[in-house]
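Let me begin by presenting the structure, written as structure tokens, before commenting on it.
Quantities reported herein were computed from a predicted structural model and do not represent experimental measurements.
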Amino acid sequence: MDLALLRTFVTVHRAGSFTRAAALLGLSQPAVTGQIRTLERQLGRPLFLRQARGVTPTTIGDELAHRAAPHLDALVEITEAGLDDESGVRTLHLAGPPEFTSLRALPALTPLISQGLALRASFGNAEETLEGLAAGHHDLAITTARPRGGLLTSTPLCDEEHVLVASPRWAARLGPGALRKGHVVLDQLPVVEVHESLPLVSRYWSAVFDSRPAAAGAVIAPDLRAVLETAASGAGLAVLPRYLCEEALERGRLVALLDPPVPPLRTYFLVVRTGTLALPHIARAHECLLRAAIDW
């Protein structure tokens, strides 16, 4: 049996779509459809049921994927091992949001370097990260979006608490009485955010006030570390993960404007291509991050 046909079949099975599989394989959709039909003719059985959106494997399709996928993954492992240098160092390609990856994930993974692991990091938003992982550009991804379908497998990593902060100057101007009035007063403050859509402030307002923020962004910087420094300098209020602003709060550079009974949380997920946790270097990094996250 042609291994190329099996590779296409496993990719379709994991992606749940001919279109998605074609993009991952660098083939046209008709080519993928033709290969699956060829394999179905050779086996004499249908492997997928065509749906309005994507495909669903038949019982035979599921059985074939269960048997074939581990061996195809093993062949990929052998091929990738040939790309490592002569010292036997394995390279892990990690992707995730710049702040969390820089301040938490990479430091947590550094003990593996002495065990023969090399790290290569890429930064991006959730959509970019998951697309790159699915396409094979990354081995392991950290994202706040949980992927659907069978192509990618996700594991909850940790929750981060979001804190509404501003400089002491703004907190003093507002005063405790003003803070009790909630978003009506807070909407009058300038906002520092990572995007024009105000994703963090909007999520905070929705969770705490059941409303949307009225203010527009005064400063937009696509890195939470820049947001922190700009807010601390007095530019306006911001919503930041507690792990990122904890030191600034302790040193008095920032002040938490509210202390809601149930603070807004955001979950991070560890994501891999389905089946790749069988590769030792990916499994070690995955386990290392899960252990470290217990204390986050």
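In this structure, CG on Leu27 lies 6.0 Å from CD on Gln35, to the nearest 0.5 angstrom. Atom CG of Leu244 and atom NE2 of His162 lie 10.0 Å apart (nearest 0.5 Å). Atom-to-atom distance recorded for Leu64:CG and His13:NE2 is 8.5 Å, nearest 0.5 angstrom. Here the CG-CZ distance, from Leu5 to Arg37, works out to 14.0 Å after rounding to the nearest 0.5 Å. Atoms CG and CD1, from Leu157 and Ile142 in turn, are 6.0 Å apart once rounded to the nearest 0.5 Å.
The hydrophobic cluster containing Phe209 does not contain Leu265, counting ILVMFWY residues as joined when their side-chain heavy atoms lie under 4.5 angstrom apart, directly or transitively. Residue Leu189 is not grouped with residue Val255 when hydrophobic side chains (ILVMFWY) are merged at heavy-atom distances under 4.5 angstrom, including chains of intermediate members. Put simply, Ile36 and Leu49 are part of two different groups of oily side chains (I, L, V, M, F, W, Y) that touch within less than 4.5 Å, one to the next. Cluster membership for Leu277 and Leu117, using ILVMFWY side-chain heavy atoms within less than 4.5 angstrom, is shared. A chain of hydrophobic side-chain contacts below 4.5 Å, direct or via other Ile, Leu, Val, Met, Phe, Trp or Tyr residues, connects Leu237 to Leu258.
In this structure, Thr267 and Phe269 have side chains that are in contact, with non-hydrogen atoms separated by less than 4.5 Å. Counting heavy atoms from C-beta outward, His286 and Thr155 have side chains that approach closer than 4.5 Å. Side-chain atoms of Leu92 and Arg284, non-hydrogen and from C-beta on, never get closer than 4.5 Å to each other. In this structure the side chain of Phe123 never reaches within 4.5 angstrom of the side chain of Thr129, judged on heavy atoms. Between His138 and Ser122 the shortest side-chain heavy-atom distance falls below 4.5 Å. Residues Trp296 and Leu289 are in side-chain contact: their nearest non-hydrogen atoms beyond the backbone lie under 4.5 Å apart. In this structure, Leu240 and Leu224 have side chains that are in contact, with non-hydrogen atoms separated by less than 4.5 Å. For the pair Val163/Tyr204, no side-chain contact is recorded, criterion being any heavy-atom separation below 4.5 Å from C-beta on.
Judged by distance alone, the side chain of Arg14 and the main-chain N or O of Thr274 form a donor-acceptor pair under 3.5 Å. Between the side chain of Ser233 and the backbone N or O of Thr230 there is at least one donor-acceptor pair closer than 3.5 Å.
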Check your understanding: Would Glu247 and Arg242 satisfy salt bridge (Lys or Arg N to Asp or Glu O under 4.0 Å), going step by step from the backbone distance to the final call?
Key -> CA-CA 9 Å; Glu247 182 179 356; Arg242 183 170 290 278; over 6 Å; no
Could you walk me through whether Glu229 and Arg253 satisfy the salt bridge (Lys or Arg N to Asp or Glu O under 4.0 Å) test, starting with their C-alpha distance in whole Å, then the side-chain angles of each, then the deciding distance to 0.1 Å, before giving a yes or no? CA-CA 9 Å; Glu229 295 300 329; Arg253 298 180 62 222; 2.7 Å; yes
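Considering all non-hydrogen atoms of both residues, Pro111 and Ser114 come closest at O-OG, 3.0 Å. Residues Leu228 and Ala248 share a closest heavy-atom pair of CD2-CB, 4.4 Å. Of all heavy-atom pairs spanning Ala238 and Val192, the tightest one is CB-O, 3.6 Å.
The pair Glu99-Arg225 fails the salt-bridge criterion, with no side-chain N (NZ, NE, NH1 or NH2) lying under 4.0 Å from an Asp/Glu carboxylate O.
With 3.5 Å as the limit, one finds no donor-acceptor pair spanning the side chains of Tyr243 and Glu160.
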